[in-house]
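Please read all numbers here as calculations on a predicted model, not as lab measurements.
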Amino acid sequence: MTLPERPARYWLMKSEPDECSIDDALAAPGATVPWTGVRNYQARNFMRDEMRIGDGVLFYHSGCPEPGIAGIARVASGVRADPAQFDPASHYYDPKATPDKPRWLLLDVQAIRKTRLVRLAELRAHPALAEMRVLQRGNRLSITPVQEQEWAAILRDCLGGKAAGQSN
DNA sequence: GCCAACGTTGGC
DNA sequence: GCCAACGTTGGC
């Protein structure tokens with residue numbers, strides 16, 4: 001018996017390009033990277049409870065001179081423990097986490113293609129994106145849901161309407 | 001470097 | 001459970 005089907009959902013995932021840029025992801029084996037370092041419960045819960053293999057991902061560069069959407073990707077695995085939480089040398093070490101009781105999870109993200117940089121100002125100026133979660137005041141979540149119509153508007157109006165989000 | 005905004009921690 | 005203090009995020 002397989003998991004129940006559901007329509008694909010869409011997400012925006014922030015990455016600091018100094019740590020993992022869209023180019024880094026595309027250069028990885030299988031263009032796939034483990035999304036390490038999520039240390040926020042709400043974002044973790046999205047990965048654990050709502051994200052499914054095949055969901056579309058807007059690959060967003062943050063904490064850099066030109067923040068914005070830099071590529072398209074897809075969710076490529078379910079969750080597992082993020083090994084960085086157990087590594088005292090890691091920036092993402094969490095002394096309260098143990099292999100028996102991991103706190104933090106990751107999943108694999110597969111880059112599909114690099115896009116032109118769709119800058120934050122451009123996203124903010126688009127009427128169809130007025131309610132986009134990542135653009136809301138004070139938002140700091142590194143993973144946010146994207147509505148289907150927002151995804152469609154970005155692909156159509158910002159990325160030239162080429163098909164994306166499918167690996168075949 | 002600044003600062004707004006939010007999440008987490010921990011004393012009570 | 002409250003809430004002040006502190007830490008982090010992330011754009012600018």
Side-chain angles (χ1 to χ4, degrees), chain A residues 9-28 33-51 55-76 78-147 149-151 153-155 157-159:
Chain A
R9 290 185 193 162
Y10 304 95
W11 307 91
L12 181 144
M13 301 178 78
K14 296 179 187 172
S15 182
E16 298 192 9
D18 283 353
E19 291 200 9
C20 182
S21 68
I22 185 69
D23 289 324
D24 295 333
L26 283 165
V33 289
W35 205 262
T36 186
V38 170
R39 294 294 180 271
N40 170 284
Y41 290 104
Q42 206 175 342
R44 181 202 68 182
N45 293 349
F46 280 144
M47 291 195 290
R48 186 189 62 196
D49 301 335
E50 304 203 36
M51 297 172 79
D55 282 359
V57 172
L58 299 170
F59 196 113
Y60 182 94
H61 285 175
S62 72
C64 58
E66 291 194 301
I69 294 167
I72 301 290
R74 63 190 283 275
V75 175
V79 289
R80 61 184 180 274
D82 181 349
Q85 71 194 302
F86 310 127
D87 176 5
S90 170
H91 177 64
Y92 297 115
Y93 177 61
D94 183 342
K96 295 182 181 170
T98 67
D100 279 351
K101 288 194 96 180
R103 274 193 178 189
W104 305 112
L105 304 172
L106 58 71
L107 47 66
D108 291 327
V109 172
Q110 180 177 34
I112 294 172
R113 67 181 173 101
K114 189 175 183 174
T115 64
R116 79 173 178 87
L117 184 69
V118 184
R119 290 179 179 76
L120 192 52
E122 183 176 353
L123 296 172
R124 290 195 188 286
H126 196 306
L129 306 180
E131 315 229 317
M132 198 174 173
R133 180 84 169 262
V134 75
L135 303 181
Q136 299 310 302
R137 179 181 185 79
N139 169 76
R140 292 188 320 174
L141 268 184
S142 64
I143 300 175
T144 49
V146 174
Q147 300 304 310
Q149 62 271 22
E150 295 166 346
W151 173 272
I154 290 167
L155 264 58
D157 301 339
C158 305
L159 300 176

task = Can you sort out the partners of A/F59 under ring pair (Phe, Tyr, Trp, His ring centres under 6.0 Å), two or more places apart, ordered by chain and number?
result = A/W35, A/H61
message = How would you summarise protein contacts on nucleotides 6-11 of chain B per nucleotide, using B for base, S for sugar-phosphate only and - for none, with heavy-atom distances below 4.0 Å?
response = BSS-S-
Output side-chain donor-acceptor pairs under 3.5 Å for residues 123-133 of chain A, partner residues at least two apart or in another chain, one line each.
from   : atom 1 : to     : atom 2 : distance (Å)
A/R124 : NH1    : A/L135 : O      : 3.0
A/H126 : ND1    : A/A128 : N      : 3.0
A/H126 : NE2    : A/D157 : OD2    : 2.6

message = List the residues meeting side chain to side chain donor-acceptor pair (under 3.5 Å) with A/D87, not counting sequence neighbours, and say none if there are none.
response = none
task = List in chain and number order the residues that pass side chain to side chain donor-acceptor pair (under 3.5 Å) with A/Q149, two or more places apart in sequence or in another chain; answer none if no residue qualifies.
result = none
inquiry  = Test: ring pair (Phe, Tyr, Trp, His ring centres under 6.0 Å). Region: residues 78-97 of chain A. Which pairs qualify, not counting sequence neighbours?
reply    = none
ask   = Closer to the 5' end of DNA chain C via nearest nucleotide, is it A/Y92 or A/A121?
value = A/Y92
